[in-house]
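One structure is given below, encoded as structure tokens.
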Number of protein chains: 2
Amino acid sequence: MTKTTANTDCTECMLAKQCVPSGLPLKDLFHLNSAVNTNNIFEAESVIFRQNTTATHLYIVKTGVFKTQRIINDTEHVDNFFLPGEFIGLDSIAGGVYANTAVAIERSLVCKIEYRQLAALRKRFPGLSDLSVKTYSNALAAASEQQNTITLQCASARLASFLVSYNKRASLHQQVNTGFNLPMTRQDIASHLGLAAETISRSFSKLSNSGAISKEGRRVNILDAAILQEHVMEPPR
Amino acid sequence: MTKTTANTDCTECMLAKQCVPSGLPLKDLFHLNSAVNTNNIFEAESVIFRQNTTATHLYIVKTGVFKTQRIINDTEHVDNFFLPGEFIGLDSIAGGVYANTAVAIERSLVCKIEYRQLAALRKRFPGLSDLSVKTYSNALAAASEQQNTITLQCASARLASFLVSYNKRASLHQQVNTGFNLPMTRQDIASHLGLAAETISRSFSKLSNSGAISKEGRRVNILDAAILQEHVMEPPR
DNA sequence: CGCGGTATTGAGCACCATCAAATCTGGTGG
DNA sequence: CCACCAGATTTGATGGTGCTCAATACCGCG
């Protein structure tokens, strides 16, 4: 399930600027390389960790997409999606067990590091401590944002808001922006947004008909950001 | 608006065990006392900070209750409530500006500390760094939990879930548990849960009629936790 | 080419939002 | 102490959004 290729040095990583390496001085990067396990391959559908198992590692997405999901009332609910440069497992450090199950949506690469080793590094390199706070603060802000998306709006507005946010995240680490891929199923999106899959489908059609987006299968293109924003604003609620 | 009484030493604070003081050794606590501004009084309705203003301080609720709210699409939405022992402003450290407005719901006391001073203390006392990570991790986990509450369930289930969670938080810092107070308006609860105020009212009646809770005004008593849990489980969705 | 899972589209209905009115509450001033 | 008022809460009636069930269309894969 988890094959490990030859470790690629953190100094060579494209994501280093916004990842753990940015927290410590160049000359000390070798300390990190011994702690981080890079380029773990996960095939589509394979699981990084399972809900309620002992939480030990933090994961960073290098390529690909993951989702976290949890069982509530005997039904699975998709908590979140994780794109390259994003951290999986931040919420489980304090609790001792993973709060949800992390699954690869497509073939993906992740780096991993033990919570304990990260804590030890923080003690030696204060810059890492600042980076942790910053990372967490951003994650919390994103969570609030998401909550607003989900709470406030009607179905098509929620989807529009989700697309705007997803597009922003996806285009952070790529130059050209010729649309983006939504590798997850409609059902996953529906679960994440608290809607039915059919409603997602209808909302996609609505956004498409209004000229805000175009879609072919799971590939989406934002044609008119202004129109899309109007959908986000749409009442009721 | 913000009167400051004589500082009460952090060593004497009831909440010290789960607050910032727990992050550093007893002998160094005096460093904290000079950085923390304790016992700031906020009357009901008064504002700690406003959305989009420069973010400088972290706040810790000592007594009372606060809410954070933000303007979205020209309507106010309640992000969260904050009870004694909880931190306000964690999500705004990285962004530079407060992501929402914090308002006292009843007469309350808070301590405050500058982000910068806290960062400086973290560098000197590694224990504070661990505490920060733990605090943030818990906050993130709580946010996910909340998202599930909001996303998943029908109206009465959402309210039931909210009550269970709120009761747990409120009873953390008090011995006897003879019901609890909900000092916020129904409208606030409604906004937080993404429902209409009338729906909250009806859901309260439903929970009450089933024998799960009793209520008189804003005071709520959980009569039968098992029945309440059944409401949380309730389909549809 | 045929199969299984995913996505879309359609019809009917339930839940909740909205509007409206009545009741309750707390606070103020007579 | 009581009358009064504004805001909050509850209760009622109605309509719309989105869920459910069902059928069809689409896609990837053997």
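In what follows, chains are A, B, ... by sequence order, proteins preceding strands, each numbered from 1. Note that the structure is a prediction, hence the values are computed from the model and not measured.
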Subject >> Those residues that, when tested against T101(B), pass side-chain contact (heavy atoms from CB on, under 4.5 Å) (two or more places apart) >> reply: V47(B), R50(B), Q51(B), Q69(B), V103(B)
Original post:
End-to-end bend of the helix from dC1(C)-dG30(D) to dG30(C)-dC1(D) (five-pair axes, 10° rounding)?
Top reply: 40°
Measure all distances between protein nitrogen or oxygen atoms and nitrogen or oxygen atoms of nucleotides 4-6 of chain C, and list the pairs falling under 3.5 Å.
| from | atom 1 | to | atom 2 | distance (Å) |
| --- | --- | --- | --- | --- |
| dT6(C) | O3' | R218(A) | NH2 | 3.2 |

Original post:
Can you find a heavy atom in the side chain of K67(A) that is under 4.5 Å from one in the side chain of I105(A)?
Top reply: yes
Original post:
Roughly, in whole Å, what's the span from CD in Q187(B) to C1' in dA17(C)?
Top reply: 12 Å
Original post:
Do any N or O atoms from the side chain of H77(B) and from the backbone of I71(B) form a donor-acceptor pair under 3.5 angstrom?
Top reply: no
Original post:
Taking DNA chain C as the partner, which of residues 201-210 of chain B come within under 4.0 angstrom of it by heavy atom?
Top reply: R202(B)
Original post:
Does anything in residues 220-230 of chain A pair up under salt bridge (Lys or Arg N to Asp or Glu O under 4.0 Å), and if so which pairs, sequence neighbours excluded?
Top reply: none
Subject >> Reading 5' to 3' through nucleotides 21-29 of chain C, protein heavy-atom contacts under 4.0 Å coded B for base, S for sugar-phosphate only, - for none >> reply: ---------
Original post:
Separation of K215(B) atom NZ from dT11(D) atom C1', in whole Å?
Top reply: 11 Å
**OP:** For H231(B), check ring pair (Phe, Tyr, Trp, His ring centres under 6.0 Å) against everything at least two apart and list the hits.
**Re:** none
Original post:
Does any non-hydrogen side-chain atom of L223(A) lie less than 4.5 Å from one of I213(A)?
Top reply: no
**OP:** Begin from the C-alpha positions of Y59(A) and F49(A) and carry the test ring-ring contact (aromatic ring centres under 6.0 Å, His included) through to its verdict.
**Re:** CA-CA 10 Å; Y59(A) 296 84; F49(A) 54 75; 5.8 Å; yes
**OP:** Considering non-hydrogen atoms only, spot the tightest contact between S161(A) and V232(A) and give its length.
**Re:** N-CG2, 3.7 Å
**OP:** For L182(B) and dT9(D), give me the distance from atom CG to atom C1', rounded to whole Å.
**Re:** 14 Å
Subject >> Check: E216(A) side chain, dC26(D) base, donor-acceptor under 3.5 Å >> reply: no
**OP:** Round to the nearest Å and state the distance from I200(A) atom CD1 to dT9(C) atom C1'.
**Re:** 15 Å
Subject >> Lys/Arg N to Asp/Glu carboxylate O, E145(B) vs R70(A), below 4.0 Å >> reply: yes
Subject >> F82(B): partners by ring pair (Phe, Tyr, Trp, His ring centres under 6.0 Å), with sequence neighbours left out >> reply: none
Original post:
Taking only residues at least two apart or on different chains, which pairs with a member in residues 187-209 of chain A satisfy ring pair (Phe, Tyr, Trp, His ring centres under 6.0 Å)?
Top reply: F81(A)-H192(A), F162(A)-H192(A)
Subject >> Residues that E198(B) engages under salt bridge (charged side-chain N to carboxylate O under 4.0 Å, His left out), provided they are two or more places apart >> reply: none
Original post:
Applying side-chain hydrogen bond (donor to acceptor under 3.5 Å, both in side chains), which residue pairs with at least one partner in residues 81-100 of chain A are found, sequence neighbours left out?
Top reply: D79(A)-N100(A), E86(A)-R169(A)
Original post:
Over how many whole Å does the gap from I189(B) atom CD1 to dT10(D) atom C1' extend?
Top reply: 14 Å
Original post:
Rounded to the Å, how far apart are L159(B) CG and dT9(D) P?
Top reply: 13 Å
**OP:** Report the distance from atom CD of Q153(A) to atom C1' of dA17(C), rounded to the nearest whole Å.
**Re:** 16 Å
Original post:
For E198(A) and dT17(D), what is the distance between atoms CD and C1' respectively, to the nearest whole Å?
Top reply: 14 Å
Subject >> Any residue meeting salt bridge (charged side-chain N to carboxylate O under 4.0 Å, His left out) with K206(B), in chain and number order, not counting sequence neighbours >> reply: E234(B)
